[in-house]
Structures are given as structure tokens and as C-alpha cells.
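Every chain is numbered from 1, with letters handed out A, B, ... down the list of sequences.
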Protein chains: 2
Amino acid sequence: MAKILCVLYPDPVDGFPQTYARDDLPRIERYPDGQTLPTPKAIDFRPGDLLGSVSGELGLRKFLESKGHKLVVTSDKDGPNSEFERELVDADVVISQPFWPGYLTAERIAKAKNLKLAITAGIGSDHVDLEAASAHDITVAEVTFSNSISVAEHVVMMVLGLVRNYIPSHDWVKQGGWNIADCAVREYDVEGMHFGAVAAGRIGLAVLRRLKPFDMKLHYTQRHRLPDATEKELNLIWHTRVEDMLPLCDVVSLHVPLYPETEGMFDDKLLSTMKRGAYLINTARGRLADRDAIVRALESGRLAGYAGDVWFPQPAPADHPWRTMPHEGMTPHISGTSLSAQARYAAGTREILENWLEGSAIRDEYLIVDGGKLAGTGAKSYGVGDATHGIAAH
Amino acid sequence: MAKILCVLYPDPVDGFPQTYARDDLPRIERYPDGQTLPTPKAIDFRPGDLLGSVSGELGLRKFLESKGHKLVVTSDKDGPNSEFERELVDADVVISQPFWPGYLTAERIAKAKNLKLAITAGIGSDHVDLEAASAHDITVAEVTFSNSISVAEHVVMMVLGLVRNYIPSHDWVKQGGWNIADCAVREYDVEGMHFGAVAAGRIGLAVLRRLKPFDMKLHYTQRHRLPDATEKELNLIWHTRVEDMLPLCDVVSLHVPLYPETEGMFDDKLLSTMKRGAYLINTARGRLADRDAIVRALESGRLAGYAGDVWFPQPAPADHPWRTMPHEGMTPHISGTSLSAQARYAAGTREILENWLEGSAIRDEYLIVDGGKLAGTGAKSYGVGDATHGIAAH
């Protein structure tokens with residue numbers, strides 16, 4: 001019997017809806033690179049239902065209990081007296097999400113004597129100290145690609161929203177006004193603008209592909225160049241260094257993982273190299289940017305807008321300055337937890353659990369740490385820097 | 001000496017900015033169909049400045065006064081004592097915008113004894129009684145294509161915004177919350193959804209093209225089928241009747257002009273044929289939809305969201321129900337008056353005035369009514385129904 005400890009975000013304040021907004025989800029055949037969607041043996045949930053919050057339980061309870069395992073679900077995740085920390089001591093498996101991360105620090109890992117598997121229901125395992133996980137031979141897996149397209153859509157929405165001044169214009173509607181000039185004075189078209197992706201992995205490339213027909217000039221920077229055919233298809237301009245790309249771009253979006261080399265990379269110095277009036281989007285991780293430097297750049301006009309859904313810490317405190325800074329288009333960390341994404345990562349989590357419980361191999365593309373080292377996707381995503389120590393450890 | 005009467009929206013409530021958010025506009029080479037951008041002999045404004053409000057004067061004053069003409073600019077446009085109606089009696093040219101329409105009704109046209117030219121600084125001349133204009137041999141011209149791409153961008157922004165539940169999620173940021181579940185419970189991906197364009201002219205086609213890489217299934221309906229190559233390129237599904245398309249679509253966007261046949265077409269009956277939980281976008285004209293039927297469809301859940309920027313009347317009164325109905329993502333009428341669009345339609349208005357004042361031909365693609373009948377673009381856009389009588393006449 002295994003104990004599975006699952007950290008999920010709290011239920012909606014008004015409870016679950018009696019009727020969801022929509023009756024079903026579109027059927028997706030496969031991911032853009034050909035990877036198949038999750039293939040659990042069965043699912044016990046309706047795709048389109050809210051699975052990512054506590055009562056949703058990722059649709060896992062029936063499956064796990066029918067096999068004699070124990071499932072504990074909590075949203076109480078921070079501090080030494082949290083249910084997460086208390087239940088962790090004898091848990092075999094931890095499941096968490098980037099949106100409501102149960103931080104697996106080295107200290108917590110040291111206390112979790114039974115822990116063998118940490119699953120990220122979603123993508124991005126920087127809430128886990130990967131070095132400590134490796135040292136303790138804990139497998140870290142995530143549901144690669146499950147919400148990459150979701151995030152890419154969120155990015156394009158935010159690019160358009162910032163450049164076209166959507167939210168302030170909507171605010172005039174709510175205020176009863178018809179202040180066309182007040183809306184228009186910060187409203188531009190994206191057509192012809194230069195867009196730069198800081199890394200063009202699954203999400204960054206999906207964003208570039210979606211922006212192509214907007215007739216934007218597309219740039220990207222990453223160490224490994226994309227295939228020639230992709231560059232030609234999207235008419236991409238490659239830069240070896242982010243410093244070379246930034247001064248050319250009107251809109252920049254971050255798609256690098258968080259690791260020591262990238263932490264705080266968008267600081268006063270780097271922001272000062274951007275065009276006056278540029279827009280910055282960050283759906284990667286909050287700590288890629290220096291929190292207060294972003295506020296300063298918006299106040300000075302260096303940045304014309306900042307949007308994204310990642311913060312530090314998460315949940316963001318009520319007085320986080322990104323809530324009140326000018327020209328922001330933020331959301332809570334939701335880009336990767338649409339109901340569409342939830343159905344995929346819940347199925348992927350089940351697939352990983354089925355494999356692990358029966359002793360069969362977890363797909364290589366899901367593996368971040370395995371056998372005491374960075375593996376599979378982990379080696380690709382985190383291998384360029386040091387393995388992250390988990391944000392909570394900083 | 002000619003008298004040019006120009007109806008523009010009011011200046012920003014806080015005045016013009018000391019510094020604009022951005023220093024310049026991207027250079028656009030040509031419109032997607034190959035049509036050249038406006039070609040006035042000169043311009044007296046900085047592209048990127050606010051030109052569409054009263055003090056912006058579309059950048060026309062220096063040019064007109066240097067030629068000895070009189071320019072009158074006002075935002076006071078409604079009612080018999082408005083400056084517009086008073087100044088109209090001896091005006092040779094009227095310039096107006098869809099965002100703040102100076103309604104040229106048959107009654108007003110009858111009183112405007114000198115009127116020879118009505119220019120729409122933008123696109124969409126339904127604020128003009130085209131039949132009365134024809135009868136009085138008034139030329140009606142608009143700056144075709146000047147803001148079509150601007151509107152198309154707005155549509156894609158609103159599609160993503162509604163489906164991904166952007167504005168309600170941003171509201172949680174402002175309220176200090178981190179209510180992931182409350183945001184996510186109405187958040188979907190557009191991937192795999194069916195999108196239907198009600199007409200695929202300049203704007204509708206630009207929207208379809210922009211949605212293609214989102215892996216949506218694309219439908220359109222209009223009397224004249226698009227070229228085979230375009231259908232193949234975008235994998236479009238054509239429907240002869242809107243009634244055939246609607247039941248298949250998750251997201252629908254309106255791109256038909258307003259004329260008697262289309263007025264109020266989205267009423268209770270047509271809305272009842274849509275999928276439960278569909279989204280409707282309207283950046284065409286407010287009166288294409290039955291105002292209260294839209295509210296009912298949102299309240300019943302038939303529609304999961306409604307967004308757009310067109311209302312009736314304009315400006316929308318403070319108690320217009322579209323300001324307070326659930327699941328709306330409205331803006332004031334701004335999609336076609338971004339600073340990018342303004343630079344183009346101000347230049348196009350100048351081009352039309354230069355032509356008319358020197359007696360040379362106005363571009364055929366700008367003409368709506370000329371020589372006593374629908375002409376050029378007008379014949380294409382309005383020729384399918386009766387010439388509009390101007391909304392104010394209804």
C-alpha cells in the first residue's frame with residue numbers, strides 16, 4: 001500500500017458549479033510534435049470538470065483506493081505545521097502543481113523518508129529541489145506538453161491585451177464611460193512589431209507559430225538553434241544572446257525554466273536595454289524577473305506593459321506590487337490550468353501513477369529526475385544550468 | 001473656399017499625454033491584398049499621436065487652412081441644437097468616424113444644401129443614409145482597409161480573452177485574491193474548437209488567417225465563396241447559410257455590414273440554434289444583435305461569453321445592459337481606432353480631401369456612393385441588401 005499525498009489549490013469560493021459553462025472539450029488528436037496524449041488505462045472523471053482543486057482530487061481517489069492505496073489531498077502547504085509537511089513524513093508519492101506549489105525543499109526531502117516519486121501535475125518542477133531529489137533517488141516526473149499549448153494561448157492573449165490596451169478599455173465600460181480617446185491613447189496594433197521569444201521550446205515555439213500570421217517580425221534566442229525548416233517556415237531571426245535580441249524587440253516573452261542562471265535575469269540592467277515602450281510577458285516563472293525592477297520599468301515608461309501569470313511567492317500576497325503597478329495585465333497562475341489542460345494533466349498523472357504502481361517504465365518524456373540524475377525532459381530543460389534547489393530553499 | 005466639418009470624439013479626460021507610450025509605429029509596407037497604404041502628398045502629424053479626438057483634428061488644419069479652406073471640428077453631434085447640426089447647413093464636406101458617428105440622416109442631408117462629400121475616417125458608413133446621399137448626389141467615401149487588421153487583432157484578443165476567462169481572472173488580481181479555481185472553472189483552451197466567421201471579407205478573412213495556427217476548425221458563411229486556394233490554405237469549411245454554420249461552432253464572430261437584412265439578425269431564435277456555451281464576438285455593428293436577446297442568452301448559459309466593441313447607440317448610455325451583463329468582455333468602440341489605425345485613416349482622409357479639392361479621382365476602393373449610386377467598395381459591401389438609411393433614421 002502506498003500513500004499518495006496530493007497538494008492542490010483550494011476549491012472555488014462559491015463551490016463547484018451546478019452546470020459548467022460548456023458541455024464538453026474539443027477532442028485533441030496529439031501534441032504538435034507528435035507525442036501522444038496521456039494514455040492511462042481508464043479515467044474516472046468527465047473531461048471539462050474542475051479536477052485541479054482539492055475536491056477535484058485530479059480524479060484519482062476511486063482508482064487509488066480500489067487498489068488499496070491511500071490518497072491524502074490538501075491545499076495547506078506552507079510552514080512546518082502545514083498538513084503537507086505533516087503528511088509528508090510517511091508519503092511515498094507527492095503530487096503538486098506549479099499553480100499552488102508544494103515546495104519540496106532539501107529540508108523537507110530529508111524528512112520524507114519514504115518518498116520515491118514526486119509528480120508535477122502540469123509542467124515545471126522548480127518547486128522541487130532537484131539536486132536533493134537526485135541525491136535521495138526520488139524520481140521527479142511531470143506531464144510534459146499537457147498544458148504547453150494552454151500557456152501559449154495565454155501568451156498571445158496577453159500580447160494582444162497589452163498592446164491593444166484591453167483591460168483599461170474594459171474598465172471604462174464598467175465605469176459607464178465612452179472614453180474612446182482615453183482608451184485609444186495607449187492602443188496599438190501588433191502588426192509589424194518585433195516579437196522576441198526568450199527560448200523557443202514547446203511553449204515559445206507555439207507562441208511564435210501563433211504570432212506568425214499577425215505579420216510580426218519574429219525573433220528568438222536560445223543556445224541550441226531550431227531546425228532550419230522551422231526557422232524558414234516562421235521566418236525566425238535567431239540570436240545567440242538575449243542581450244542582442246532585446247534592443248530590437250517591441251514585445252518580449254519569457255520561456256526559459258527557472259534555474260540559478262536565469263533567476264532575476266530581467267533586472268534593472270537588462271530592462272534598460274529594451275526599447276522604450278516595449279511590452280514584457282512572463283508566463284514562465286515569477287523569479288525570472290526582479291520584482292521591483294519591473295515596477296520601476298513600468299513607472300518610468302521603459303516598459304509600456306507587463307503581463308503574465310507567474311509570481312513569487314505563490315500565492316502572491318495581497319500587497320504584492322504587481323497587483324497595483326501601472327499597465328499590468330496579470331492573472332493568477334492559471335495559464336496552464338484551464339479545464340482543457342486539467343483533463344490532460346489529470347490523465348497524465350494517472351498514467352504516471354499506473355506505471356509506477358505496477359513497476360513499469362514512466363515515459364522518458366515525462367522524466368525530470370530519475371535514477372539519481374537529470375533524465376529525459378529534465379536533462380533538456382534544466383541541464384543547461386545547475387539543477388534547481390527549489391525556490392523555497394532560497 | 002470649402003467648409004469642412006469634422007465630427008471627432010472628445011479629447012482624453014486627462015488631456016493629451018506629455019509622452020506617448022511608444023516612440024514610433026512599425027512601418028507597414030502594404031495591405032494584405034496588395035492595396036497600397038494611403039498616399040497623401042504630405043502629412044502634418046507624427047504617426048503614433050492621437051489624431052482621432054477633437055484636438056487631434058486628424059492632422060488636417062494646417063493643410064486645409066493653407067489652401068484657404070475652413071475647418072470646423074466638434075464632438076457635439078446629437079440633437080437639433082448640436083454644433084454638428086448647426087454647422088452642417090453650409091458645410092461642403094463632412095468627416096465622421098464610426099466610433100463617434102455624426103449621423104447623416106435623410107433629414108439632415110435635406111438641410112445640408114452645400115454637402116458634396118461625406119468621408120468616413122475609418123470603415124463603415126452605416127451612420128450615413130446612403131439612399132439619401134445618392135439622391136442628393138453626395139459622394140460617400142471611406143478609408144478602406146485602414147483599420148481592418150486592427151479590428152481583426154481585436155477579435156482574436158477577444159476570442160482568447162473570453163475562452164480563457166481573462167478579465168474575471170484579472171479582477172481576482174485586483175481584489176488581492178489567488179483564486180485559481182474560481183478563474184479556472186470557466187477557462188478553456190481554444191485549441192480544437194470550431195470557429196465560425198459570419199462573412200469573410202477583409203476583416204473576417206484576417207481573423208480566420210490569424211486563428212489558423214491555434215488549431216481551431218475554421219468555418220465561414222457568405223454568399224460568395226472564397227477562392228479555392230484560400231479555402232485550402234486555411235482549411236475552411238464554407239456554409240451557404242448562417243443557420244447551417246451556427247450549431248457547429250464554439251466561437252462565432254460577426255463581420256457583416258449593417259443593413260436592413262442583417263439588422264437584429266442575432267435574436268432569440270438564431271441564438272437558440274447555437275451550441276450551449278458558445279462565445280459570440282461582435283466588432284461589426286451593435287445592431288446586428290438584439291440587445292436584450294444577448295443578455296438573455298448570457299443569463300441562461302446559452303452563450304458562455306459575449307465580447308465586442310460596437311453598441312447602439314454610440315456613445316452607449318451608462319445604463320446600457322451590455323455593461324453589466326454576465327460574462328462580457330466589451331470595450332468601447334475602439335478596435336479600429338488604435339494609434340496605428342489613426343495614422344492610416346488620417347492619411348487616407350487627407351488623400352481623399354486632396355483628390356476632391358483638386359478635382360482628381362478618389363480611389364475606387366474608397367468609394368461607397370458616387371455619381372448617385374453605390375460605387376466601388378460600397379457596391380460590394382452594401383449592395384447585397386438595400387442601401388442603409390442611416391441608423392439614426394430608424
Does this structure show an ion pair linking A:Arg164 with A:Asp189, if we count only N-O contacts that are shorter than 4.0 Å?
yes
Less than 4.0 Å between a side-chain N and a carboxylate O, is that true for B:Arg210 and B:Glu153?
no
May I have all residue pairs that pass salt bridge (charged side-chain N to carboxylate O under 4.0 Å, His left out) and include part of residues 306-331 of chain B, sequence neighbours excluded?
A:Lys174-B:Glu328
Against chain A, work out which of [options] has the most heavy-atom pairs shorter than 4.5 Å and name it.
options	value
B:Gly277, B:Pro26, B:Pro213, B:Gly301	B:Pro213
B:Lys275, B:Gln342, B:His320, B:Met330	B:Met330
B:His154, B:Arg186, B:Arg209, B:Met193	B:His154
B:Ile149, B:Leu25, B:Asn179	B:Ile149
B:Ala318, B:Pro332, B:Gly192	B:Pro332
B:Ile180, B:Leu50, B:Leu160	B:Ile180

Who among [options] has the most heavy-atom pairs with chain B under 4.5 Å?
options	answer
A:Gln175, A:Met158, A:His327	A:Met158
A:Pro10, A:Ala206, A:Pro12	A:Pro12
A:Ser53, A:Gly48, A:Pro317, A:Ala316	A:Ala316
A:Ala341, A:Ser335, A:Ala307, A:Pro32	A:Ser335
A:Val156, A:Leu303, A:Thr324	A:Val156
A:Ser150, A:Gly177, A:Pro17, A:Ala304	A:Ser150

Portion of [X] that has a non-hydrogen atom of chain B nearer than 4.5 angstrom:
X	value
A:Asp11	backbone
A:Arg344	side chain
A:Val163	neither
A:Ile28	side chain
A:Ala152	neither

Side chains of A:Tyr345 and A:Gln97 only: does a donor on one sit below 3.5 Å from an acceptor on the other?
yes
Do A:Tyr306 and A:Asn282 pair up side chain to side chain, a donor and an acceptor below 3.5 Å, judged on atom types alone?
yes
What pair of heavy atoms forms the shortest contact from [X] to [Y], and how long is it?
X	Y	value
B:Leu8	B:Gly52	CB-O, 3.3 Å
A:Thr283	A:Gly308	CG2-CA, 4.3 Å
A:Ile167	A:Gly329	CD1-CA, 4.3 Å
A:Asp182	A:Asn165	O-ND2, 4.2 Å

[X] versus chain A, the contacting section by heavy-atom distance below 4.5 Å:
X	result
B:Asp250	both
B:Val159	neither
B:Leu339	both
B:Ile334	both

Hey, do the aromatic rings of A:Tyr9 and B:Trp178 have their centres closer than 6.0 Å?
no
Does the side chain of A:Tyr20 reach to within under 4.5 Å of the side chain of A:Arg46, using non-hydrogen atoms?
yes
To the nearest 0.5 Å, how far apart are SG in A:Cys249 and CZ in A:Phe195?
8.5 Å
Test ring-ring contact (aromatic ring centres under 6.0 Å, His included) applied to B:His333 and B:Phe99, B:Phe312, B:Trp311, B:Trp100, the passing residue
B:Phe99
